[in-house]
There are 2 protein chains.
Amino acid sequence: MLKLSRLTDYAAVVMAQIARHPEQPHAAAELAEAVQLPHPTVSKTLKMLVRAGLLLSQRGSQGGYRLARPASQISAIDIITAIEGPVAMTECSQDDGDCELAATCGVSDNWQRVSLAVRTLLDSVTLAHLAETTPIKLPVRLPIQSVTLASEAGR
Amino acid sequence: MLKLSRLTDYAAVVMAQIARHPEQPHAAAELAEAVQLPHPTVSKTLKMLVRAGLLLSQRGSQGGYRLARPASQISAIDIITAIEGPVAMTECSQDDGDCELAATCGVSDNWQRVSLAVRTLLDSVTLAHLAETTPIKLPVRLPIQSVTLASEAGR
DNA sequence: ATTATACAGGACTAAAATGGTCCTCAATCC
DNA sequence: GGATTGAGGACCATTTTAGTCCTGTATAAT
């Protein structure tokens, strides 16, 4: 279905929660309560976010989690990558690229361009954006994305 | 990893192969040979594409598969949807939207906007694009995408 | 008509990913 | 020292995915 894993979803919700109160550290138990999710699961998610460098943790009483940098400098793709690994549309758009079918494939280059466009899009969405509550939805348009496909590449 | 399933990947490759020779019908066995994938798997993929209305099939000898419409009128999202179902970043960005955590979630609206942007991006990529071989990659930029987030929505 | 070709539909299985829990250890504060 | 809180990883259940195969049906050539 080309969707985020559930853990990634949790991660975004938790990150947003922290982003709305960036001063104090937040214990896992407190966050779990706030977002109404099981403690062990939230805890697992938080650990992944720490390992990815998006959160800082402090042990001991009065400890907890804080953002490693301002919410405006954390992007959606950072969160997704932290939980799911690199965003790539196809197997072969990854780094290793060990697809031996590349010869007969014929679409890999273009998929890679699409991948890049998706990544760029997700990179332009920040945690600050996600954390904002949205009382009204007024469609204001703003171009944020470019993609180059073979057909436009001069051939 | 936010990536396409392998079957979707196959579907794109096979569709591109057909798109490059749109006149004759192509038998599943012939396509499997051309793209170097197992016949049963290719066959399964083709059936899904027919059911989604992207391919037309003809039984009997000299039968096979043809595009249901020109490659320029089939988008990447059509192919993805045919195999994986609707593209939605989160559970709750789907139609039913039966997420009872929506109250404490606080990010669902913005994820839905991101989903929409991804869908729009994938909709702008056509099978004709994908099928093109790409001898040179000259980065020419072309804005194709807009997204509206809460922060830009007037509020 | 008969036969060979080729798709339709679905059952079935094996393997992998995912979601979720729990236990033990380490750090920190009081 | 004791309470609190995170780190790390093992572990299991469930779901999803990939892939195969079988039976049936439509079509064309002869």
Side-chain angles (χ1 to χ4, degrees), chain A residues 1-14 18 24-33 35-68 80 82-86 88 90-91 99 101, chain B residues 1-14 18 24-68 80 82-86 90-91 99 101:
Chain A
M1 178 162 1
L2 194 72
K3 72 158 179 257
L4 302 177
S5 83
R6 215 188 292 200
L7 285 187
T8 306
D9 205 350
Y10 297 165
V13 173
V14 170
I18 298 175
Q24 337 82 343
H26 301 268
E30 173 211 326
L31 290 168
E33 170 63 23
V35 302
Q36 286 291 294
L37 291 171
H39 179 183
T41 302
V42 168
S43 184
K44 181 181 192 171
T45 307
L46 289 165
K47 288 179 219 172
M48 291 195 243
L49 293 166
V50 169
R51 248 179 285 188
L54 304 186
L55 290 179
L56 299 176
S57 66
Q58 171 80 29
R59 297 188 187 185
S61 86
Q62 310 308 313
Y65 297 90
R66 282 174 300 112
L67 298 185
I80 296 171
I83 308 293
E84 311 193 10
T90 57
E91 210 72 55
C99 175
L101 298 172
Chain B
M1 180 168 355
L2 194 73
K3 72 157 181 255
L4 303 176
S5 81
R6 214 187 294 199
L7 284 186
T8 307
D9 204 351
Y10 298 165
V13 173
V14 169
I18 298 175
Q24 336 82 342
H26 300 268
E30 172 211 326
L31 290 168
E33 169 63 23
V35 302
Q36 286 292 294
L37 290 172
H39 179 183
T41 301
V42 168
S43 184
K44 182 181 191 170
T45 307
L46 289 164
K47 287 179 219 172
M48 292 196 240
L49 292 167
V50 169
R51 250 180 283 188
L54 304 186
L55 290 179
L56 299 176
S57 65
Q58 171 80 31
R59 295 191 188 184
S61 85
Q62 311 307 314
Y65 296 91
R66 282 173 301 112
L67 298 184
I80 296 170
I83 308 292
E84 311 193 10
T90 57
E91 209 71 56
C99 174
L101 298 171

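Note on naming: letters A, B, ... go to the chains in the order of the sequence lines (proteins, then strands), and numbering restarts at 1 for each one. What's counted below: heavy atoms across the whole structure, side chains too, no hydrogens, waters or symmetry copies.
- Straight-line distance from the CE atom of A/M48 to the P atom of D/dG8: 12 Å, rounded to whole Å.
- For A/T41 and C/dT21, the shortest distance from a side-chain N or O to OP1 or OP2 is below 4.0 Å.
- Regarding A/L37, its CG atom lies at a distance of 10 Å from the P atom of C/dT21, rounded to whole Å.
- Residue A/R6 places at least one side-chain N or O closer than 4.0 Å to OP1 or OP2 of C/dG20.
- Atom OH of B/Y65 sits about 5.0 Å away from atom CG of B/L46, to the nearest 0.5 Å.
- Closest-nucleotide positions on DNA chain C for A/Q62 and B/K47 were compared, and the one nearer the 5' end corresponds to B/K47.
- B/A29 comes within 4.0 angstrom of no nucleic acid atom, judged by non-hydrogen atoms across all strands.
- Within the structure, every side-chain polar atom (N or O) of A/S43 is placed at least 4.0 Å from both OP1 and OP2 of D/dA7.
- Side-chain proximity of B/S5 to C/dC22, C/dT18, D/dT17: nearest is D/dT17.
- In this structure, B/Q58 atom CD and C/dT5 atom C1' are separated by 12 Å, rounded to whole Å.
- Going from atom CD1 of A/I18 over to atom P of D/dG6 covers 10 Å, rounded to whole Å.
- Within the structure, a side-chain polar atom (N or O) of A/S57 is placed less than 4.0 Å from OP1 or OP2 of D/dA7.
- Sequence order on DNA chain C of the closest nucleotides to A/L4 and B/A28 puts B/A28 first from the 5' end.
- In this structure, of D/dT20, D/dA28, D/dG8, it is D/dG8 that holds the atom nearest to the side chain of A/R51.
- At the heavy-atom level, A/L46 lies nowhere under 4.0 Å from the strands shown.
- With hydrogens and angles ignored, the 3.5 Å screen pairs no side-chain donor or acceptor of B/Q58 with any backbone N or O of B/P25.
- In this entry the distance linking NE2 of B/H39 with P of C/dA8 reads 11 Å, nearest Å.
- Within 4.0 Å (heavy atoms only), A/H26 reaches sugar-phosphate atoms of the nucleic acid but no base atom.
- In this structure, B/L49 atom CG and C/dA8 atom C1' are separated by 14 Å, rounded to whole Å.
- Remark: A/Y10 is not in phosphate contact with C/dT18, judged by side-chain N or O atoms under 4.0 Å from OP1 or OP2.
- Minimum heavy-atom separation, B/Q24 to B/R66: O-CG, 3.7 Å.
- Note: A/T45 OG1 to A/L7 CG = 5.0 Å, rounded to the nearest 0.5 Å.
- Residue B/L56 comes nearest to B/A68 through the heavy atom pair CG-CA, 3.8 Å, listed as atom of the first residue, atom of the second, then distance.
- Atom-to-atom, CZ of B/R59 to P of D/dG24 comes out at 14 Å; the value is rounded to the nearest Å.
- In this entry the distance linking CD of A/E30 with P of D/dT5 reads 10 Å, nearest Å.
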